[in-house]
Protein chains: 2
Amino acid sequence: MDDQAIPLDAETKAVEMPDDHREELRLWLRLLTCTTLIEGEVRSRLREQFGVTLPRFDLMAQLDKAPGGMTLSDLSKRMMVSNGNLTGLVDRLVTSGHVVRTASPTDRRASVISLTESGRAEFRAMATKHEHWIADLFGDLTERDRGELMRLLGKTKLSARRAIQGEG
Amino acid sequence: MDDQAIPLDAETKAVEMPDDHREELRLWLRLLTCTTLIEGEVRSRLREQFGVTLPRFDLMAQLDKAPGGMTLSDLSKRMMVSNGNLTGLVDRLVTSGHVVRTASPTDRRASVISLTESGRAEFRAMATKHEHWIADLFGDLTERDRGELMRLLGKTKLSARRAIQGEG
DNA sequence: AAAAATTACTTTAAGCTTAAAACAAATTGA
DNA sequence: TCAATTTGTTTTAAGCTTAAAGTAATTTTT
């Protein structure tokens, strides 16, 4: 094998070096930047225009999709946050009148959380605006871009899950 | 123009309805899911294997790239977090001996934050592992996938910035 | 040079978030 | 059946995060 000290250009280097993963790192940082950027803007607009926090909005969004309500465990899985986190979040939303806790008829440990009528109405108004903000934030992507990004993120999601399951 | 009440299938609907942005919403939620998934796993491994939190790691990563140190404002811009947040984060890292504050020679308001020797050594060890984790998490994407995802996220970043600047 | 505006940072209050420990109810297994 | 395990939730302690208000130093404007 030819192993002489021939200078390599950047392209070649990336291929030749067995353990260089700077490219994946840059990809991850860019993904993180996009999310942080958009999330921050959404958070800011929700606060300014509706006086609501993003976690509260996210929780109400989950409940809006489940007319019969959800348990804390369901919410925890869907929202990918800890159970303990939800206890406090739900408490505050109960206090503000957006959601109610109902004893589960089938499981005495669990309670079912649902939107109140006013909570649902308030959420729907916010959700409409929210959807427009998102459309605007992604507005410079073509339909083709969006489809392709969707596909690649789907693949990324599966890859991450595989890596997580494999180790955990 | 033919404007009769002909039933539309889902495909046609998406095209015909002027104000439906569910597709962008789904894209955003998927982006968020990917980030949350990966971030959670990285956070968990950093804690288990090194007893360090993700924000501490992120801060050290910024300082490692700036041998001369950085001011809080620099860090704030780079990390996209508030100034007040950094004050506490830096305080804790000073206490644990990972970073030092030095009075800025040119600006009496500012202090320069830099890694200590041991802080840098510790970070480098973590960073090596971290890079492998990321490579593994993105491991099922081909080189072509990664390039394409990088490009689309770049476009997304610009689009979001445009939408934010335009309103702000 | 003095006033006005900006910049760098800290403090505060409130809320978010997690991990870990605890508890009770439900399920599984012997 | 009864013990062991799992599941649903809460509590606790610590740390993260933000927005807003405040302080001090610097820069810009007049």
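Counting atom types as modelled, A/Arg109 pairs a side-chain N or O with a base atom of D/dT7 as donor and acceptor under 3.5 Å.
Taking every side-chain heavy atom of A/Arg56 into account, C/dC16 is the closest of D/dT9, C/dT10, C/dC16. For B/Asn83, counting side-chain heavy atoms from C-beta on, the closest listed nucleotide (C/dC9, D/dG8, C/dA20) is C/dC9. Of the candidates D/dT9, D/dA20, C/dT18, D/dT9 carries the atom nearest the A/Thr87 side chain, counting heavy atoms from C-beta on. Across C/dT10, C/dC16, D/dT9, the shortest atom-to-atom separation from the side chain of A/Asn85 is found for C/dC16. Distances were taken from every side-chain heavy atom of B/Leu72 (C-beta onward) to each of D/dT18, D/dG15, C/dC9; the shortest belongs to C/dC9.
To the nearest angstrom, C1' of D/dC16 lies 11 Å from CG of B/Leu86. If you measure from atom CG of B/Asp58 to atom C1' of D/dG15, you get 15 Å, rounded to the nearest angstrom. Note: CE (A/Met80) to C1' (C/dT18) measures 15 Å, nearest angstrom. A/Leu46 places its CG atom 15 Å from the P atom of D/dT18, with the value rounded to the nearest Å. When the P atom of D/dT9 is taken as reference, atom CG of A/Leu75 falls 9 Å away, rounded to whole Å. Rounded to whole Å, atom C1' of C/dA14 lies 9 Å from atom CZ of A/Arg92. Distance, B/Leu54 CG to C/dA19 P: 12 Å, rounded to whole Å. B/Ile113 places its CD1 atom 11 Å from the C1' atom of C/dA8, with the value rounded to the nearest Å.
Taking both residues in full, the closest heavy atoms of B/Ile113 and B/Leu63 are given as O-CD2, 3.3 Å, listed atom of the first, atom of the second, then distance. Minimum heavy-atom separation, A/His130 to A/Val42: CD2-CG1, 3.7 Å.
When the nearest nucleotides of DNA chain C are assigned to B/Ala110 and A/Arg108 by heavy-atom distance, the more 5′-ward of the two goes with B/Ala110. The nearest heavy atom of DNA chain D to B/Pro55 and to B/Thr106 marks one nucleotide each, and the one closer to the 5' end goes with B/Pro55. For the pair A/Gly88 and A/Asp107, both in contact range of DNA chain D, the more 5′-proximal nearest nucleotide belongs to A/Asp107.
Using a cut-off of 4.0 Å between Lys/Arg side-chain N and Asp/Glu carboxylate O, B/Asp140 and A/Lys157 are scored as not salt-bridged.
The distance from atom CG of B/Leu152 to atom CE of B/Met150, rounded to the nearest 0.5 Å, is 11.5 Å. Interatomic distance, CG of B/Leu153 versus CG of B/Leu158, reported as 11.0 Å (0.5 Å rounding).
Residue-level contact check: B/Ser104 touches neither bases nor backbone, having no heavy atom under 4.0 Å from any strand. At a threshold of 4.0 angstrom between heavy atoms, the contacts of A/Leu89 are confined to the sugar-phosphate backbone, with no base atom among them. Counting non-hydrogen atoms under 4.0 angstrom, B/Ser73 reaches the backbone sugars and phosphates but no base. Within the 4.0 angstrom heavy-atom criterion, no nucleotide atom of any strand lies near B/Ser76.
An OP1 or OP2 oxygen of C/dA8 is reached within less than 4.0 angstrom by no side-chain nitrogen or oxygen of B/Ser111. Taking 4.0 angstrom as the limit, A/Arg43 places none of its side-chain polar atoms (N or O) nearer than this to OP1 or OP2 of C/dG15. For A/Arg47 and C/dG15, the shortest distance from a side-chain N or O to OP1 or OP2 is not below 4.0 Å.
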Discussion item. Would B/Leu141 and B/Glu148 count as a side chain to side chain contact (heavy atoms under 4.5 Å, CB included) here? Give the steps.
Written reply: CA-CA 10 Å; B/Leu141 274 67; B/Glu148 190 63 0; over 6 Å; no

